[in-house]
Amino acid sequence: MALSLLTIAEELRRLQAEGVDRVFVDNQTFSSLNQRESEAAKVKTKHAVAAHDGAEHSDLRALVEASSASVSPAQSATKDTTSTKSPALLPESPPEIILPDGDAQSRLEYLEERVLGCPVCQAHLSPHGKIVFGAGHPSADIFFCGEAPGTEEELTGEPFAGEAGHLLSKIITAMGLDRKEVYTANILNWRPQHDKPYGNRPPTVQEMRFCLPYLEAQIDIVQPKVIVALGNAAVTGLLGPDPSRKLAAVRGTWSQFKQRPLMISFHPAYLLRNGTMKTKRMLWEDMLKVMEKCDLPITDRQRGYFLPKA
Ligand code: URA
């Protein structure tokens, strides 16, 4: 028992080292952990298990509680969490989209109307939630792709409207740009519902597959020079699930999505919780690569952001 709990703790530490800062723990898992813990407690009393075992348990409890208390849209594990409560069924086939002719703005307007009217998206909303479509310049060079709307986003109907969004805005400003000059969107158009009164859960693979055509259509319209995948869910949603892919290994590297360069980086929410000079610099180096790819001017000052002072 203690061994399996330690294995969980080890896996959580491994994920954290990789750039995953939160994991979603559903109620079923919690009750099973509680049950196991009370079973373990009984065994412990019976056999007078050595005191340090108890310390291991509470370490894990702290770890699991800490991660569950802060679940939010970010690079949490995007394994296929089919057991996660989902309020509505997903159809077998994703939506088929035929875009009208016209300029980027009018095509985006058509698509937005289509997404806002999507019965599947509507069925997944919480009572006061809004569907969140992408926002920004219709012909932006840089297309930032996040995970899913969070609390603020489902209330406002705007992507990246909360704390992580404010940090993303700061990053964009540091690049010498404005939010209006780039495009921001998410893998998922609705905030994934769950059975907890707080936090967010990462989208399931099925949810991401359903919404992908909506995201692809936005990319087809905007035709960005570069797509930036922010965090694990964005990577999984764009490139497909791959259990052997580790964010730590692919972060800062170029991939391709729809024949467009795709830069993989941290989700800003990760920096909100792990914002050391090192992680800030890592994300910033990814942005420098994006700027270079887009032929944006880069000053010496910008090149030096988050480097240790000499
Ligand atoms: N996190 C995301 O991934 N997307 C948002 O829109 C907001 C937070």
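Since this is a predicted model, take the numbers as computed values, not measurements. All ligand and atom numbering here is 1-based and tracks the order in the structure.
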(message) Would you say that Leu262 contacts Leu239 through its side chain, given a criterion of any heavy-atom pair below 4.5 Å between the two side chains?
(response)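 Yes. Closest side-chain heavy atoms under 4.5 Å.
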(request) Tell me, please: is His267 in heavy-atom contact with ligand 1, that is, under 4.0 Å? (result)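 Yes.
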(message) Taking only non-hydrogen atoms of Gly165, do any sit less than 4.0 angstrom from ligand 1?
(response)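 Gly165 does not count as a contact of ligand 1 under the 4.0 Å cut-off.
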(request) Please determine if Glu285 and Lys289 form a salt bridge, counting it only when a charged side-chain N lies under 4.0 Å from a carboxylate O. (result)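 Salt bridge between Glu285 and Lys289, a charged N being under 4.0 Å from a carboxylate O: no.
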(message) Under a 4.0 Å threshold between the charged nitrogen and the carboxylate oxygen, would Arg201 count as salt-bridged to Glu207?
(response)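 Between Arg201 and Glu207 there is a salt bridge, with a charged N closer than 4.0 Å to a carboxylate O.
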(message) Taking the cut-offs as 6.0 angstrom to the six-membered ring centre and 45 degrees off its axis, would you call Arg114 and Tyr214 a cation-pi pair?
(response)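 Negative - Arg114 is either too far from the ring of Tyr214 or too far off its axis.
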So, regarding [X] and ligand 1 (criterion: nitrogen or oxygen to nitrogen or oxygen, under 3.5 Å), is there a contact or not?
X: Asn186; result: yes
X: Ala148; result: yes
X: Phe160; result: yes

(message) Which of the numbered atoms in ligand 1 are under 4.0 angstrom from any heavy atom belonging to Gly146?
(response)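 Answer for ligand 1: 3 (O).
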(request) Would you mind listing which atoms of ligand 1 come within a distance below 4.0 Å of any non-hydrogen atom of Pro159? (result)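 Those qualifying, in numeric order: 6 (O).
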(message) Is the ring pair His124/Trp190 parallel, tilted or perpendicular, if the boundaries are 30 and 60 degrees?
(response)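 His124 and Trp190: parallel rings.
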(message) Taking Met291 as the starting point, is it possible to reach Leu307 by hopping between hydrophobic residues whose side chains are less than 4.5 Å apart?
(response)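 Different clusters: Leu307 never reaches Met291 through Ile, Leu, Val, Met, Phe, Trp or Tyr contacts under 4.5 Å.
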